[in-house]
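Here the structure is a predicted model, which means the values were calculated and not measured. All values below come from the heavy atoms of this structure, side chains included, with hydrogens, waters and symmetry mates left out.
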Amino acid sequence: MAAENITEKIVEKVELAAEVGTKVANIVGNAFESTIADVDHSSGAEEDTWLSYILSFGIHFAMIIIVILLKWQYDRNRYRYPKGPRDWRNIKDAISFHRKKRDNLLALATDYPDSCTVMTHVGRLVLLNDPRLINEIFIGRADLVSNKVDGYLENQLRYKEGKHIRTGIVFRHQDHNARIIHKALVNHMDNDLVGKRLDSIVQDQIKQTHLTEKFDVRRTTFYFSVRLLARLTCSSTAASIEDKTFELFEQNLYKISKAIHADTFAKSAKVMLTQLTGLSETLDINENVLDYIKTWIRFRRDESSAIVGLSEEQAISSSAKNRDFLSSILDVLDESSPRLDEDDIAACVLDIIMHGSEMLKGALSWLLLYVAKYPEAADQCRREARSKGYSSFNLSSAESLAVTGAFVKEVLRVSPVVPIVIHSTLEDFKWRNFHIQKRTQFGANVVALHHSIAWIDAMNFDINRWLGDKASSIPTDAYSPFGFGPRACIAEKHLFNLLTGILAVLLYHNDFDKTGPLPEATEGTFGLVNLPPKYALKATHLSGK
């Protein structure tokens, strides 16, 4: 019966469209016949030709209407999505979804415990609120979806016309090149950084971060993160970090970050315009940033050429000194197909620096905000760091800082840096009772996951839930601050210790206090990551024991 009703509706639509087309053609024809009756027919064939053109236009216009109606009806009948606020008439709600994401994500999870479809200004979004469904799509069906498609990262995704889908870490599991780059980066992190050079590099950046009596937290954490990621990505930048040219590079990245995280209706309108036109306010800045990165690549290639003339011992020493993310990418060039060119490599490097610095900046900004909001919990962490003599960064020792680690985990639970992880389908496919269209976005609702009924007093900030006997009752399937499965951050297994160690060193040497009103955890801007609103703190340097 359902099939018959659908067929009848389609027939009705076709008949209605045909009737409209006939009426349009008749009206156009009658109008011109009456006009022709009043004119001199001596003009002959020229008027007939003009009339034929107009009549043909009317018929074609009617046929276009028919085709549009048929396609619309066909898609309605073919594709089925979960229920939800997906009507385009609710355009205000669609924009609001991107401006007040935290509240909206929690509300949607309450209204639709399993899943729902939201129409946003970047298209349909199937939002998954149940942990089982998130696991099913983001891990179980990982072969059918690409990695996170971020509507705000227009500066990176359009770095080169026609190639932004083929390469780039954002799409690292989509093709051969993406997979070999991802593997090379993970291997470099595990084999060349952790336990070797990472501790000294992080500690150097902490020392160079000047915390004054009043400092802008977002700006300070951004510059710390960019310098750390630039150093890890290309070790030869260490000599130029104090250079005026590098300052321009940092400033341009900061402009891009500010543009991405602007939270206004004007920004929402610009994002919609970007989706339609492909033009972006950050593209010109981005070109300058990429040019700077290309100089690093050429410099590294010149260094590689110079190594050829050295002795074997000197060559090994020089190669070991330059081991970084850039070198790991250059090492797999011969395996790439199609071969990665300079633009591809530069885009990958920008991706690492931009994604990494935004993630680290977001996490540190939230950590310092909660330090100021919950000074008693922060004092517990400080006492632990001092009792263990944790005055300088050491990744392996950070694991012993149980209280500080609990503080970090609870902050990332209440205010996740990545509040919603989004994948995009590469092809039409059937899922449960739904027929999903390609290029449909699937979103894992991380905010709802971290505030689900699986957590006791989920809305309250409580580091004790991660300590002692309570830690055994942590719902592991309802906590994922760094992504899911094979598409998690390349440094996922080291990030908790990295953040714990950095926070412990900062608390060991400084006392932080607010200088004015502090933003609430419910606030924040959802750009590339989730950031608290702009705020400032006062840092007071503490003497030794």
Could you work out, with salt bridge (charged side-chain N to carboxylate O under 4.0 Å, His left out) as the rule, every residue matching [X], not counting sequence neighbours?
X    : answer
K534 : D216
D477 : none
E410 : R413, R465
D513 : none

Between [X] and [Y], what is the shortest heavy-atom contact and its length?
X    : Y    : value
L467 : A402 : CD2-O, 3.6 Å
N530 : P416 : ND2-O, 3.0 Å
F393 : V505 : N-CG2, 3.6 Å
V414 : R102 : O-NH2, 3.9 Å
A346 : I297 : N-CD1, 3.6 Å
S328 : A184 : O-CB, 3.6 Å

Measure from NZ or CZ of K514 to the centre of the six-membered ring of Y535, then state whether that distance is under 6.0 Å and the direction lies within 45° of the axis.
no

Between R382 and Y508, is NZ or CZ placed under 6.0 angstrom from the six-membered ring centre and within 45° of the ring axis?
no

Please examine the side chains of [Y] and [X], heavy atoms only from C-beta on, and report whether any two atoms are closer than 4.5 Å.
X    : Y    : result
L232 : L198 : yes
I293 : I345 : no
I206 : Q203 : yes
F407 : V371 : yes
Q380 : I463 : yes
L367 : L364 : yes
S327 : I329 : no
D462 : I456 : no

Roughly how far, to the nearest 0.5 Å, is the [atom2] atom of [Y] from the [atom1] atom of [X]?
X    : Y    : atom1 : atom2 : result
R231 : R197 : CZ    : CZ    : 8.5 Å
L368 : T220 : CG    : OG1   : 9.0 Å
T221 : R219 : OG1   : CZ    : 11.0 Å
S392 : K207 : OG    : NZ    : 7.5 Å
L127 : L133 : CG    : CG    : 10.5 Å

State whether the side chain of [X] and the backbone N or O of [Y] hold a donor-acceptor pair below 3.5 Å, judged by distance alone.
X    : Y    : answer
D130 : R132 : yes
T117 : P82  : yes
S365 : R218 : no

Residues that [X] engages under side-chain hydrogen bond (donor to acceptor under 3.5 Å, both in side chains), provided they are two or more places apart:
X    : value
N445 : N129
T404 : E384
H509 : none
D199 : N394

Output, in order, the C-alpha distance, side-chain angles, deciding distance and verdict of side chain to side chain contact (heavy atoms under 4.5 Å, CB included) for V446 and I420.
CA-CA 5 Å; V446 177; I420 177 170; 5.8 Å; no

Qualifying residues under side chain to side chain contact (heavy atoms under 4.5 Å, CB included), relative to K183, sequence neighbours excluded
N187

Between D331 and R323, does any side-chain N to carboxylate O distance fall below 4.0 Å?
yes

Before accepting this row, confirm whether a basic side-chain N of the pair D324/R300 lies closer than 4.0 Å to the acidic partner's carboxylate O.
yes

Determine, stepwise, if the pair L495 / L360 fulfils side chain to side chain contact (heavy atoms under 4.5 Å, CB included).
CA-CA 9 Å; L495 281 175; L360 186 56; over 6 Å; no

Which is it for L369 and V217 under the side chain to side chain contact (heavy atoms under 4.5 Å, CB included) test, yes or no, and what are the steps along the way?
CA-CA 9 Å; L369 175 62; V217 174; over 6 Å; no

Step by step, would you call V194 with L395 a side chain to side chain contact (heavy atoms under 4.5 Å, CB included)?
CA-CA 8 Å; V194 174; L395 187 69; 3.8 Å; yes

So [X] and [Y], would you call those rings parallel, tilted or perpendicular, with 30° and 60° as cut-offs?
X    : Y    : answer
Y479 : W455 : perpendicular
F325 : H188 : perpendicular
F249 : Y292 : parallel
W366 : Y370 : tilted

Answer yes or no: are there more than 12 heavy-atom neighbours, outside I474 itself, under 6.0 Å from its atom CD1?
yes

Of all pairs that satisfy salt bridge (Lys or Arg N to Asp or Glu O under 4.0 Å), the ones with a partner from residues 357-375, not counting sequence neighbours:
E358-K361, K373-E520

Review item, side-chain donor-acceptor pairs of residues 106-115, under 3.5 Å, at least two apart:
residue, atom, partner, partner atom, Å
T110, OG1, L106, O, 3.0

Sequence neighbours excluded, which residues qualify as ring-ring contact (aromatic ring centres under 6.0 Å, His included) partners of Y254?
F222, Y223

